[in-house]
Amino acid sequence: MASSRIISHSQPNLHRQSSPFDSVKPLPSLNLNLHPKRHRNLRIRASLNDTSHSVELRTSPVSAVSNDVVSKDPHALPRPLSSNQLSSAVSDGSGLRVAYQGVQGAYSESAAQKAYPNCEAVPCEQFDTAFESVERWLVDRAVLPIENSLGGSIHRNYDLLLRHRLHIVGEVKYAVHHCLMANHGVKLENLKRVLSHPQALAQCENTLTGLGLVREAVDDTAGAAKHVAFHKLQDAGAVASSAAAEIYGLNILAQDIQDDSDNITRFLVLAREPILPGTDRPFKTSIVFSLEEGPGILFKALAVFALRQINLSKIESRPLRKQPLRTSDDNNNRYFDYLFYVDFEASMADQNAQNALRHLMEFATFLRVLGSYPLDTSMA
C-alpha cells in the first residue's frame, strides 16, 4: 500500500504531512439553492405538504462578496466558532447552528439538543450534506450517529470521516425509545407494513416479526412518520420517536418496541477545528490507520496501546475504498486491504498517548488522528 497522510501530535499543535489521501475526489457539489452571496442564519421549513421529503435551508443574505458561499478573502470571514475554548456559551450551544441528518423529530435532532441545549438545529437530507454544511461554514457543528448498541456501526459515517477534513470534538450517548405509530383511526391489526430507518427496523426486529409486518426502509425515522402522515396511509405505520408522533399528528400504537431496553446510540460531534486536548477530565481519541499485510501485524499495532496500559474502547475495520484488493507476492492470492478505526481512552495531551502513536507510525502505512475529545460520562 502506498504511504498515506500521517498526522502526529506535538502538544498542543497538530502537524500534517501530505499524502495520496489529499487527492481523494471531493463529493459532488450540493444543490442547496443558495443565493450568490455570503449567508448566515439558516432557517428550517418542513411541512407535511412537502412531498419530496427534502428540507429547505432558508438563508438571509449578509453581503455580496462573490458567487462562492465562502469568501476567498480570509480577513472578510467571520471568526469560526471554535471548540478550543469551552466557554459556557459554547457548551450550551448559544449562537451555534448544529446540523443533523433527518427531519424535525429525528433522534439526531434530540442528540444535537442534548449536546448543545440552546442551539439552532438544522436538518440535512443526507449524512454527506451535514459534513459539507460544516465545511462550507453553513453551520458550526454536525451531530451524527456512529454506532448503536443493538444495530451496530453506521458504516457510511466511518467512510465520510476519512473523506472529509472535519474533527471530532465530542460525543453524545442518547437512549433511543422506539414507538410504533400510525394515523388516527388505524388499529394495530390494520397494519401490513412499517416504514423506518434500517437501523431502527433492525433494533425492533423481534417485535416487528411477531406482528407479521413487512419492513420498508427509508432515510430516517422522523421522515417515515412524516410520510405516513402526509399520505394518510391506512395500512402502514412508522417506527420513530414519540416527538415525531406529536409533530406529525400520529397515534402511538405501541411504545418501547426495541428488542432491548438498553438501546443506546452514540453520536459524534464534528467541527472545522479540533479541540485543544487536556488532562483535566476523561478524554477519548479516535484514529484511523492502515497496515501492510503480514503475520501478527495487527497484533503489533494494538500492542502499542497495551504496552502503555491504554484501554481500547472500539475497533472497526473498513475495506480501503481506493484500493480494496491487493495481490500477494507469493501466490497471487487476492485479499481485502483494510483501514482500522480505533478509539482509545486517553488524551493526546498525554505523553503516553503520543508515544503510542509514534510507535504505531513505525509500521503503519497511514495514520490520521480524527479527534481527541472529552468522554460523554453522562447517563444516556
Side-chain angles (χ1 to χ4, degrees), residues 46-55 100-112 121 123-127 129-130 144-157 174-267 380:
S47 170
L48 287 177
N49 295 323
D50 178 11
T51 59
S52 66
H53 306 293
S54 63
V55 176
Y100 67 92
Q101 188 274 328
V103 298
Q104 190 178 9
Y107 292 109
S108 292
E109 181 187 30
S110 299
C124 298
E125 271 195 342
Q126 304 294 335
F127 292 132
T129 315
L144 299 170
I146 196 66
E147 61 178 331
N148 175 266
S149 57
L150 299 182
S153 299
I154 292 85
H155 296 132
R156 178 61 178 164
N157 283 337
Y174 185 80
V176 174
H177 299 281
H178 290 308
C179 299
L180 178 61
M181 59 195 67
N183 284 294
H184 288 276
V186 177
K187 298 181 179 180
L188 192 60
E189 54 267 25
N190 301 137
L191 297 182
K192 297 180 180 178
R193 54 198 178 102
V194 61
L195 286 66
S196 196
H197 187 275
Q199 281 272 340
L201 295 174
Q203 293 161 22
C204 305
E205 182 175 1
N206 292 339
T207 301
L208 299 178
T209 299
L211 293 173
L213 298 178
V214 175
R215 283 156 278 189
E216 297 182 11
V218 296
D219 286 342
D220 62 275
T221 55
K226 180 179 177 182
H227 180 84
V228 169
F230 173 74
H231 292 283
K232 298 181 174 58
L233 300 180
Q234 299 299 304
D235 67 337
V239 173
S241 66
S242 58
E246 182 176 355
I247 291 169
Y248 301 110
L250 296 178
N251 180 41
I252 295 177
L253 301 176
Q255 293 184 337
D256 287 326
I257 64 170
Q258 62 273 5
D259 293 342
D260 194 307
S261 58
D262 293 326
N263 184 22
I264 310 298
T265 297
R266 177 173 165 248
F267 294 80

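Numbers here are sequence positions counted from 1.
- Listed here is the closest heavy atom pair of A200 and T221: CB-CG2, 3.7 Å.
- Residues V103 and D219 are not in side-chain contact: their nearest non-hydrogen atoms beyond the backbone lie 4.5 Å or more apart.
- Across every non-hydrogen atom of N190 and G185, the tightest pair is OD1-O, 4.3 Å.
- Residues Q101 and L144 come closest through the heavy atom pair N-CD2, 4.1 Å.
- In this structure, the side chains of Q199 and I154 come closer than 4.5 Å at one or more pairs of heavy atoms.
- Looking at S149, its side chain does come within 3.5 Å of a backbone N or O of I264 through a donor-acceptor pair.
- Note that CG of N206 is 11.0 Å distant from CD1 of I257, once rounded to the nearest 0.5 Å.
- For the atom pair CD of E125 and CG of D220, the computed distance is 9.5 Å after rounding to the nearest 0.5 Å.
- Side-chain atoms of L180 and L211, non-hydrogen and from C-beta on, do get closer than 4.5 Å to each other.
- P145 is listed as a side-chain neighbour of N157, based on a closest heavy-atom distance under 4.5 Å.
- Exactly one of L191, L213, D259 qualifies for a side-chain contact (heavy atoms from CB on, under 4.5 Å) with L208. That residue is L213.
- Ring-centre distance between H227 and Y248: not below the 6.0 Å cut-off.
- The closest donor-acceptor contact from the side chain of H231 to the backbone of L233 lies at 3.5 Å or more, if one exists at all.
- Within the 4.5 Å cutoff, the side chain of V239 has no heavy atoms near those of the Q203 side chain.
- Judged purely by atom type and a 3.5 angstrom limit, S196 has no side-chain atom pairing as donor or acceptor with the backbone of A224.
- When every heavy atom of A225 is checked against every heavy atom of A240, the shortest pair comes out as CB-CB, 4.3 Å.
- A distance-only check finds a donor-acceptor pair linking the side chain of Y107 to the backbone of H177 [under 3.5 Å].
- Put simply, the side chain of E205 reaches to within 4.5 Å of the side chain of R215, judged on heavy atoms.
- Separating the NE2 atom in H178 from the CD atom in Q255 is a distance of 13.5 Å, to the nearest 0.5 Å.
- Scored by the side chain to side chain contact (heavy atoms under 4.5 Å, CB included) test, A112 finds V98, V143 as partners (sequence neighbours excluded).
- Looking at N263, its side chain never comes within 3.5 Å of a backbone N or O of D260 through a donor-acceptor pair.
- Across all non-hydrogen atoms, the minimal contact from S242 to C179 is N-SG, 4.0 Å.
- In this structure, the separation between CG on L195 and CZ on R193 is 6.0 Å, given to the nearest 0.5 Å.
- Contact between E216 and L201 at its shortest, heavy atoms only, is O-CD1, 3.7 Å.
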Audit row: N183, Q234, side-chain hydrogen bond (donor to acceptor under 3.5 Å, both in side chains) steps and yes/no: CA-CA 7 Å; N183 284 294; Q234 299 299 304; 5.7 Å; no

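- In this structure, S110 and Y100 have side chains that are not in contact, with every pair of non-hydrogen atoms separated by 4.5 Å or more.
- Atom NE2 in H155 sits 9.0 Å away from atom CD1 in I146 (nearest 0.5 Å).
- Judged by distance alone, with hydrogens and angles left aside, the side-chain atoms of E147 form no donor-acceptor pair with the main-chain N or O of T265 at under 3.5 Å.
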